[in-house]
There are 2 protein chains.
Amino acid sequence: MTRQRRVILETLRSMPTHPSAEEVYEVVRRELPRISLGTVYRNLETLSELGKIQKLELGGTLKRFDWNTCKHYHIRCINCDRVDDAPVNVMADVEISLDDTTGYRITGHRLEFLGLCPDCLEKAIGRRTLSSHHVAEPPDSAERPDDAPVSKASNF
Amino acid sequence: MTRQRRVILETLRSMPTHPSAEEVYEVVRRELPRISLGTVYRNLETLSELGKIQKLELGGTLKRFDWNTCKHYHIRCINCDRVDDAPVNVMADVEISLDDTTGYRITGHRLEFLGLCPDCLEKAIGRRTLSSHHVAEPPDSAERPDDAPVSKASNF
DNA sequence: CTAACTGCAAAAGCTTTGCTTTTCA
DNA sequence: TGAAAAGCAAAGCTTTTGCAGTTAG
């Protein structure tokens with residue numbers, strides 16, 4: 001447990017957001033100006049393996065880190081990429097039936113909610129319009145697309 | 001709708017897997033040897049915006065693509081990264097309560113199951129051991145880690 | 001003392017983008 | 001013929017890695 005590792009852990013625990021490695025680096029640097037980004041990456045990885053923090057693989061391009069190692073879900077803004085905890089109970093039984101039907105041995109699941117955070121929502125209402133090209137979810141249609149191949153009907 | 005775009009769409013629709021852009025490229029190249037990877041990326045993006053295919057942002061580093069545009073869930077092997085459809089009904093009501101409690105306007109959710117695919121499961125059983133450093137999920141403990149900060153108790 | 005770790009810089013992996021030429025409608 | 005798209009290559013962004021020097025226990 002080096003000084004660098006300790007500061008990284010304490011820094012993450014002080015952050016209410018779910019920061020990326022770069023964001024942790026920016027804050028840690030205030031205390032350890034000579035630390036390198038590589039060290040931050042290595043230690044976040046190590047701390048995650050030690051079970052002291054949690055590495056989050058949500059949508060978007062960046063990996064994020066969470067001092068809270070308990071299982072819980074997240075909610076991410078499709079406009080500004082902010083991430084908050086989702087106050088939803090963890091589903092305990094959702095994995096059970098999958099073992100038999102798929103042949104997989106299920107070990108976990110990840111649930112992420114998407115939406116507009118309060119700030120972006122307010123701005124969107126103010127402007128009465130919001131570009132839609134940020135939305136990551138597929139169209140809401142439950143029917144087969146007009147030109148989808150008939151021979152490969154979906155099970156869903 | 002250029003020849004390239006048409007071939008890319010048909011190729012994706014012929015693939016039972018959930019290929020990355022690179023994998024689509026490899027197959028498309030058999031028909032259009034002079035196509036460039038950039039064109040594949042651009043067209044997969046365009047087709048996704050047109051709602052003709054779905055871009056998947058699952059865990060792992062690669063983005064994947066799915067000809068099936070209906071909402072459904074996926075199951076990913078933590079060992080070999082293979083992705084299959086998860087035969088689970090889409091949860092219609094899970095987003096409802098979040099609007100009020102979080103201030104977010106929820107627009108969707110993403111659920112991904114993790115586990116060992118049948119092939120990797122068999123190999124693991126054969127070897128009676130499997131390295132655990134591929135597992136992406138946090139430890140199963142529901143209790144507070146021994147040295148977690150008491151002042152920041154989790155809600156979960 | 002030595003195994004683990006740091007800082008630095010280079011490289012790797014995936015994706016996007018600028019630019020010129022080609023193609024589609 | 002003009003707008004959209006292709007091909008090619010370079011750049012971008014995030015993350016990992018090699019190495020020589022440093023530190024913790």
Side-chain angles (χ1 to χ4, degrees), chain A residues 1-12 17-50 52-66 76 80-81 83 131 133-134 136, chain B residues 1-12 17-50 52-66 76 80-83 131 133-134 136 147:
Chain A
M1 180 64 73
T2 58
R3 183 152 142 73
Q4 285 87 340
R5 185 169 301 170
R6 199 176 321 110
V7 172
I8 287 168
L9 182 55
E10 284 165 7
T11 298
L12 181 59
T17 60
H18 299 75
S20 64
E22 183 81 37
E23 288 167 337
V24 173
Y25 173 62
E26 292 302 333
V27 177
V28 165
R29 216 138 72 114
R30 301 211 274 261
E31 188 156 344
L32 302 173
R34 300 196 44 78
I35 200 172
S36 74
L37 182 56
T39 296
V40 173
Y41 270 102
R42 264 188 290 235
N43 275 307
L44 287 171
E45 183 63 38
T46 303
L47 289 167
S48 162
E49 280 164 12
L50 292 174
K52 293 193 182 299
I53 67 172
Q54 189 175 166
K55 192 203 286 193
L56 304 180
E57 297 200 357
L58 307 180
T61 51
L62 296 87
K63 283 182 182 114
R64 294 166 172 281
F65 297 88
D66 194 339
R76 186 164 63 88
C80 72
D81 217 44
V83 173
S131 64
H133 62 276
H134 291 289
Chain B
M1 178 67 72
T2 58
R3 182 152 141 74
Q4 286 86 342
R5 186 170 299 170
R6 198 176 321 111
V7 172
I8 287 168
L9 181 55
E10 284 165 8
T11 298
L12 181 59
T17 60
H18 299 75
S20 64
E22 183 82 35
E23 288 167 336
V24 172
Y25 173 61
E26 293 300 335
V27 177
V28 165
R29 215 138 71 116
R30 300 211 274 262
E31 188 157 346
L32 301 173
R34 301 196 42 81
I35 201 173
S36 74
L37 182 56
T39 296
V40 173
Y41 270 102
R42 262 188 289 234
N43 274 306
L44 288 171
E45 183 64 37
T46 303
L47 289 167
S48 160
E49 279 165 10
L50 292 174
K52 293 194 181 299
I53 67 172
Q54 188 175 166
K55 192 204 285 193
L56 304 180
E57 298 200 356
L58 307 180
T61 51
L62 296 87
K63 281 177 183 121
R64 294 165 172 282
F65 297 87
D66 194 339
R76 187 164 62 89
C80 71
D81 218 43
R82 161 177 159 190
V83 173
S131 65
H133 61 276
H134 291 289
D147 55 351

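Numbers restart at 1 for each chain; the letters A, B, ... are given by sequence-line order, proteins then strands.
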Could you grab the distance from atom [atom1] of [X] to atom [atom2] of [Y], nearest 0.5 Å is fine?
X: A:Lys52; Y: A:Leu44; atom1: NZ; atom2: CG; result: 14.0 Å
X: B:Gln4; Y: B:Asn43; atom1: CD; atom2: CG; result: 7.5 Å
X: A:Leu58; Y: B:Glu57; atom1: CG; atom2: CD; result: 10.5 Å
X: A:Glu45; Y: A:Ile53; atom1: CD; atom2: CD1; result: 8.5 Å

Problem - Polar side-chain atom of A:Thr11 near backbone of A:Val7 as donor-acceptor pair, under 3.5 Å - result: yes
Donor-acceptor pairs under 3.5 Å, side chain of residues 22-31 of chain A to any protein atom, not counting sequence neighbours: which ones?
residue	atom	partner	partner atom	Å
A:Glu23	OE1	A:Ser20	N	2.9
A:Tyr25	OH	A:Arg29	NH1	3.3

Side chain to side chain donor-acceptor pair (under 3.5 Å) involving [X] - partner list, sequence neighbours excluded:
X: A:Tyr41; answer: none
X: B:Glu10; answer: none
X: A:Ser36; answer: A:Thr39

Completion exercise
The salt bridge (Lys or Arg N to Asp or Glu O under 4.0 Å) partners of B:Arg64 (sequence neighbours excluded) come to B:Asp81
Problem - Spacing of A:Leu58 atom CG relative to D:dT14 atom P, expressed in whole Å - result: 15 Å
Practice task
Please report the C-alpha distance between B:Ile35 and B:Ile8 in whole Å, then the side-chain angles of each, then the deciding distance to 0.1 Å, and finally whether the side-chain contact (heavy atoms from CB on, under 4.5 Å) criterion is met.
Solution key: CA-CA 10 Å; B:Ile35 201 173; B:Ile8 287 168; 4.1 Å; yes
Completion exercise
Closest non-hydrogen contact found for A:Ser48 with A:Lys55 is OG-CB, 3.8 Å
Exercise for the section: Search all heavy atoms of B:Leu37 against all heavy atoms of B:Ala21 and return the closest pair with its distance. Expected result: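 Residues B:Leu37 and B:Ala21, closest heavy atoms: CD1-O, 4.4 Å.
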Fill in the blank from the handout: With sugar-phosphate taken as primed atoms, P, OP1 and OP2 and all else as base, the protein-contact string of nucleotides 17-25 of chain D at under 4.0 Å (heavy atoms; B, S, -) is BB------S
Completion exercise
Walking DNA chain C from its 5' end, the first of B:Leu37 and A:Asn43 to be reached, judged by nearest nucleotide, is A:Asn43
Exercise for the section: Not counting sequence neighbours, which residues clear side-chain contact (heavy atoms from CB on, under 4.5 Å) with A:Asp66? List them please. Expected result: A:His18, A:Gln54, A:Leu56, A:Asn68, A:His72, A:His74, A:Asp85
Exercise for the section: Please identify each residue that fulfils side-chain contact (heavy atoms from CB on, under 4.5 Å) with B:Thr46, with sequence neighbours left out. Expected result: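 If we apply the side-chain contact (heavy atoms from CB on, under 4.5 Å) test to B:Thr46, skipping adjacent residues, the hits are B:Arg5, B:Leu50.
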Exercise for the section: Runs of at least three consecutive Watson-Crick or G-U pairs, both distances under 3.5 Å, are what I'm after; which ones involve DNA chain D? Expected result: C:1-25 with D:1-25
Distances under 3.5 Å between nitrogen or oxygen atoms of protein and nucleotides 1-4 of chain D:
none

Practice task
Shoot me the first and last contacting nucleotide of DNA chain C against chain A, ordered 5' to 3', at under 4.0 angstrom to non-hydrogen atoms.
Solution key: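 In short, chain A contacts DNA chain C from C:dC5 to C:dC8.
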Problem - Strand-adjacent residues in residues 21-35 of chain B, judged by heavy atoms under 4.0 Å from DNA chain D - result: B:Arg34, B:Ile35
